[in-house]
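Beneath this line is the structure, given in structure tokens, with notes to follow.
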Amino acid sequence: MKFARLGAAGAETPAIVDGGTFYSLAGLTPDLDADFWSSGGPARAAAALAAGELPEMDARGLRVGAPITRPSSVFGIGLNYAAHAAESGSEPPSAPILFQK
């Protein structure tokens, strides 16, 4: 089971992708936003999917949007390949360098 947002920018429909089939979450949540993630939304969505309560979606031709609406932060990995380290004049790190944006 994967979460997705499908449709025009700013008007995406939240969905679940399970075994190649798309199911709409529009009746369960308006979007995959902070409220969904913090209020048990994933468990509710999984239960609705298991109970056969989610309608199938035809996702052909729909734009795939960002999977999470307005994330509060993004994590990156710096100097994550040798060429990047060489460009900066550094040796590749022995452990990943994580940073938050």
Side-chain angles (χ1 to χ4, degrees):
M1 178 176 83
K2 299 176 187 175
F3 291 98
R5 296 173 66 243
L6 307 170
E12 295 93 344
T13 297
I16 285 180
V17 185
D18 187 55
T21 303
F22 292 79
Y23 299 91
S24 174
L25 291 173
L28 185 71
T29 184
D31 212 340
L32 302 179
D33 54 13
D35 288 339
F36 174 80
W37 298 106
S38 66
S39 66
R44 287 193 325 273
L49 178 64
E53 298 171 350
L54 300 177
E56 285 190 30
M57 289 178 70
D58 180 2
R60 287 178 290 187
L62 292 179
R63 173 187 161 274
V64 177
I68 299 175
T69 308
R70 297 175 300 283
S72 60
S73 62
V74 176
F75 289 90
I77 300 176
L79 299 176
N80 56 338
Y81 58 97
H84 188 202
E87 288 172 359
S88 68
S90 304
E91 289 293 317
S94 59
I97 298 172
L98 298 175
F99 59 93
Q100 184 177 4
K101 293 181 172 185

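A search for side-chain contact (heavy atoms from CB on, under 4.5 Å) contacts involving S73 returns F75, Q100, not counting sequence neighbours.
Between the CG atom in D33 and the CZ atom in R5 there is a gap of 8.5 Å [rounded to 0.5 Å]. The CG atom of L32 sits 9.5 Å away from atom CD of E12, with the distance rounded to the nearest 0.5 Å. One distance of note links CD1 of I16 with NZ of K2; it measures 13.0 Å at 0.5 Å rounding. Taking CZ from F22 and CG from L62, the interatomic distance works out to 8.5 Å, rounded to the nearest 0.5 Å. Distance CG/L49 to CG/L28: 11.0 Å, rounded to 0.5 Å.
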T69 vs F36, side-chain contact (heavy atoms from CB on, under 4.5 Å): CA-CA, chis, key distance, verdict
CA-CA 10 Å; T69 308; F36 174 80; over 6 Å; no

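When all heavy atoms of A8 and R63 are compared, the pair lying nearest together is C-NH1, 3.8 Å. Of all heavy-atom pairs between P71 and I68, the closest is CD-O, 3.6 Å. Shortest non-hydrogen contact noted between Y23 and L54 is CD2-O, 3.5 Å. Of all non-hydrogen atoms in R44 and S39, the two that sit nearest each other are NH1-O, 2.7 Å.
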